[in-house]
Amino acid sequence: KAGVTQTPRYLIKTRGQQVTLSCSPISGHRSVSWYQQTPGQGLQFLFEYFSETQRNKGNFPGRFSGRQFSNSRSEMNVSTLELGDSALYLCASSLGWRDLPLNTGELFFGEGSRLTVL
Amino acid sequence: LAKTTQPISMDSYEGQEVNITCSHNNIATNDYITWYQQFPSQGPRFIIQGYKTKVTNEVASLFIPADRKSSTLSLPRVSLSDTAVYYCLVGAPISGNTPLVFGKGTRLSVIA
């Protein structure tokens with residue numbers, strides 16, 4: 001069974017540009033979450049999608065947005081990039097809250113997309 | 001969301017048992033306690049989850065006292081490959097409407 005796939009793995013952008021990151025969840029998983037990880041702030045929650053609907057959103061500015069498609073694949077976009085947006089962006093998929101009564105809510109993470117903003 | 005507090009770092013020698021304690025004083029009735037492990041440049045990986053008392057799997061044990069205000073992750077006989085960051089999370093992923101929030105984690109360094 002294929003794991004969570006994130007593309008691209010590495011990318012370099014300059015300030016003011018925008019970037020789109022993609023995440024393909026494990027087959028059958030309907031929930032996708034995004035996290036930003038930096039050395040100083042640790043692992044911070046960005047947003048969570050379930051069945052194409054954003055269920056939760058972290059404390060990030062509106063420059064950070066996302067969406068989920070009908071096949072559960074998700075994308076996140078960061079516009080007007082700032083130096084501080086340099087980070088490892090992690091996507092995680094899970095079965096979703098109400099799919100199974102014994103669902104532990106276990107998150108399966110991809111290897112991340114490392115964004116460098118110059 | 002229940003906030004968690006865990007040590008920033010710990011050191012251990014190979015072969016020792018390591019116990020990492022997490023405090024979660026305002027844990028809610030329907031919250032579960034979940035631990036993840038993260039190696040450098042990789043996403044976190046689920047280790048163990050529990051609600052009360054003791055849970056054990058092939059990797060670790062999780063001890064939760066009756067008041068559930070804390071929990072202890074126990075790693076038996078650690079090796080160098082157990083060097084990683086360990087996160088304690090509290091939440092209700094099954095029925096809740098809030099996401100799991102990761103804290104800063106505990107950086108475990110295993111020394112030969």
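Naming: A, B, ... by sequence-line order, numbering from 1 per chain. Quick note: numbers below take in every heavy atom, side chains included, and nothing from hydrogens, waters or symmetry partners.
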Could you check, using the six-membered ring where one of them is a Trp, whether Phe102(B) and Phe45(A) have ring centers closer than 6.0 angstrom?
no
Next on the checklist: Could you see if Ile20(B) belongs to whatever hydrophobic cluster contains Val59(B)? Use Ile, Leu, Val, Met, Phe, Trp, Tyr and a side-chain cutoff under 4.5 Å.
Outcome noted: yes
If one checks every heavy atom of Gln44(A) against chain B at 4.5 Å, the contacting part turns out to be neither
* If you group Ile, Leu, Val, Met, Phe, Trp and Tyr by side-chain heavy-atom gaps below 4.5 Å, do Val18(B) and Phe63(B) land in one group? -> no
Query raised in the report: Hey, any chance Leu46(A) and Val78(A) share a hydrophobic cluster, counting ILVMFWY side chains that come within less than 4.5 Å of each other, even indirectly?
Result: yes
One should read off an interatomic distance between Ile48(B) CD1 and Glu106(A) CD, to the nearest 0.5 angstrom, of 11.5 Å
- Under a 4.5 Å side-chain heavy-atom rule over Ile, Leu, Val, Met, Phe, Trp and Tyr, are Phe47(A) and Val4(A) clustered together? no
In short, Leu107(A) meets Tyr36(B) closest at the heavy-atom pair N-OH, 2.8 Å
Quiz item: Does one hydrophobic cluster hold both Ile26(A) and Val32(A), with members joined at side-chain heavy-atom distances below 4.5 Å?
Solution: no
Any side-chain heavy atom of Ser41(B) within less than 4.5 Å of one from Glu111(A)? no
Separation between CZ (Phe108(A)) and CZ (Arg45(B)), nearest 0.5 Å, reads 11.0 Å
Near Arg63(A) CZ, under 6.0 Å, is it more than 12 heavy atoms from other residues, nucleotides or ligands? yes
Worksheet item: For Ile8(B), does the CD1 atom sit with more than 12 other heavy atoms under 6.0 Å from it, leaving out its own atoms?
Response: no
Ordered numerically, the heavy-atom neighbours of chain B under 4.5 Å found in residues 79-90 of chain A are Leu90(A)
Output for pair (Gln41(A) CD, Lys104(B) NZ), nearest 0.5 Å, gives 5.5 Å
What do you reckon, is CZ of Arg107(B) surrounded by more than 12 foreign heavy atoms closer than 6.0 Å? no
Neighbour count >12 (heavy atoms, 6.0 Å) for atom CG, Asn59(A) = no
